[in-house]
Amino acid sequence: MKILVIGSGGREHALCWKLAQSKQAGIEVFANPGNPGMAKVATCVPGEPLAAAEAVGADLTVVGPEAPLVAGVVDAFRARGRKIVGPTASAARLEGSKIFAKNFFVQSGIPTARYETVDDASHARLALGRFGYPVVLKADGLAAGKGVIIAQNAEEAEAALGTLKGPMVIEEFLRGEEVSFIALCDGKDAVPLAATQDHKAVFDGDRGPNTGGMGAYSAANILSDADTRMVMERVIYPTVQAMDFSGFLYAGLMMTADGPKVLEFNVRLGDPETQPLMHRMKSDFVPALLAAAEGRLAGQTLEWNPGPSVCVVLASAGYPGAYETGKEITGVEAAEAHGAVVFQAGTRMLHGRLETSGGRVLGVTASGLDLPAAIAASYEAVGKIAFNGMHYRQDIAAKGAVR
Ligand code: AMP
Ligand code: GLY
């Protein structure tokens, strides 16, 4: 069976790495367009996704990033009778528009923060009077993690209105622990993946601007079985049923004193959450993915290793702001010598030399018997890697280790 993974980041490298270990007979993994890390475990194919799938004769395609989903890649594949894991463009609006998502939560009875939608800054000023501080302002469209501002007071809210243009959501600030909850769905049924926690802020102690994610971990104690069932019943199943949702549904949750509340939906796997998830997944992933694409997920389960997995992201100097590329990367093989895996995100190979090509460059991922051991294994591997300007958080999963 030929499996094609669409994308070129750390999430897609982790997927390819996992799929390449499948025990199913005759699995061949392809990546479109892929990256140097993915090239170690898959055959990279350039071009448009559908053309790439047809060129290699892909039996199953899995989509990584949101952009092709929002652009309708799943609709195009299905129109040609090709099996693909992902939501239709219509369902992908759950990620593409915050306003669409919030209205959907309320219509479907999905718990979320109290909110109002406004068309512009002057309406926003009126609405702000109906909320206390801190308050959260969210731009409507896809904003690569930069469209959300938490204002502590009226001055900060006014400054936010200078940055966020057009329609937006204003919502109540929620307190609690954030959890990334991802389920694989087939239009009727859904199977939860293990819970993960992301680290969005660029600096230790959750300080500094938000990024796409500076590290993530997966551990059995992030969410109890009872909470997992509650999230499936209150959040995931209502969405799958209302939208015939297929693909990965990622609920960014705040676990509040009143139970889980949805901060946002993504219609794909998380990045970097996928890196520790793939490292920790015990099951062969191919049967579940195929079942999802064929609408027969009912009865499927995914097994996880008991030990946690931790992924530390190594970023370019300046990220999430402007950064330079083209810095030589050394130490990847040494980092991988003791069981850690270095998932590549912003890398390229030039004249046989591995160098940086993006903001988030590598995701160094390792497991351990307990969280302190997994953290130690990841940071030991991180210590072998170097590139000019490399920076990373020192406290990935640290809060989980003391819980
Ligand atoms: P979002 O893109 O909606 O997930 O927001 C990005 C980040 O902003 C989240 O990961 C939270 O850390 C924070 N955030 C968003 N909405 C809220 C809220 N209502 N209360 C508290 N924090 C929030
Ligand atoms: N790590 C957050 C996301 O994938 O959206």
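Indexing begins at 1, ligand by ligand and atom by atom, following the structure's order. Note that these values count all heavy atoms, side chains included, but never hydrogens, waters or copies made by symmetry.
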Within the 4.0 Å heavy-atom cut-off, what Leu174 brings close to ligand 1 is both
In ligand 2, the atoms that come under 4.0 Å of a heavy atom of Asn266 are 5 (O)
For Lys261, state whether at least one heavy atom is located under 4.0 Å from any atom of ligand 1.
no
Judging by distance only, is a nitrogen or oxygen of Glu264 under 3.5 angstrom from one on ligand 2? no
Glu355/Lys327 salt bridge by N-O under 4.0 Å criterion
no
Output yes when the distance from some N or O of ligand 2 to some N or O of Gly212 is under 3.5 Å, and no in every other case. yes
Heavy-atom closest pair (Arg11 atom, Pro65 atom, distance to 0.1 Å) is NH2-CA, 3.3 Å
Practice task
Compute the minimum heavy-atom distance from Met254 to ligand 1 and say whether it is under 4.0 Å.
Solution key: yes
Check whether any side-chain heavy atom of Met243 sits under 4.5 Å from a side-chain heavy atom of Phe104, and report yes or no. yes
In Lys261, Glu172, Lys102, the residue satisfying side-chain hydrogen bond (donor to acceptor under 3.5 Å, both in side chains) with Thr112 is Lys102
Short version for Arg11: what comes under 4.0 Å of ligand 2, heavy atoms counted, is neither
Nitrogen or oxygen of Asp271 less than 3.5 angstrom from that of ligand 2 = yes
So, is Asp198 polar-close to ligand 2, with some N/O to N/O distance under 3.5 Å?
yes
Practice item. May I ask whether Pro272 places a heavy atom under 4.0 Å from ligand 2? Key: yes
Taking only non-hydrogen atoms of Gly270 and a 4.0 Å limit, the atoms of ligand 2 in range are 4 (O)
For Lys98, the atoms of ligand 1 under 4.0 Å from one of its heavy atoms are 1 (P), 2 (O), 3 (O)
Going by the 4.0 angstrom heavy-atom rule, the piece of Val136 near ligand 1 is side chain
- Message: Could you check whether any side-chain heavy atom of Val5 comes within less than 4.5 Å of a side-chain heavy atom of Leu19, counting everything from C-beta outward?
- Response: yes
For Glu273, the atoms of ligand 2 under 4.0 Å from one of its heavy atoms are 1 (N), 2 (C), 4 (O)
Are Phe131 and Phe173 close enough that their ring centres sit under 6.0 Å apart?
no
Check whether Ser378 reaches the backbone of Val310 with its side chain - one donor and one acceptor, N or O, closer than 3.5 Å. yes
* Backbone N/O of Thr325 and side chain of Thr356: donor-acceptor pair under 3.5 Å -> no
So, Glu171 and Arg114, do they make that salt bridge, N to O below 4.0 Å? no
task = Answer yes or no: does an N/O atom from Asn210 fall short of 3.5 Å to an N/O atom of ligand 1?
result = no
For Arg268, the atoms of ligand 2 under 4.0 Å from one of its heavy atoms are 3 (C), 4 (O), 5 (O)
Item to complete: Answer yes or no: is there a donor N or O on one side and an acceptor on the other, between the side chain of Asp186 and the main chain of Ala291, under 3.5 Å?
Response: no
- prompt: Is Arg82 salt-bridged to Glu54, going by a charged N under 4.0 Å from an acidic O?
  reply: yes
Looking at Glu171, Arg114, Lys200, Lys138, the heavy atom closest to atom 19 (N) of ligand 1 belongs to Glu171
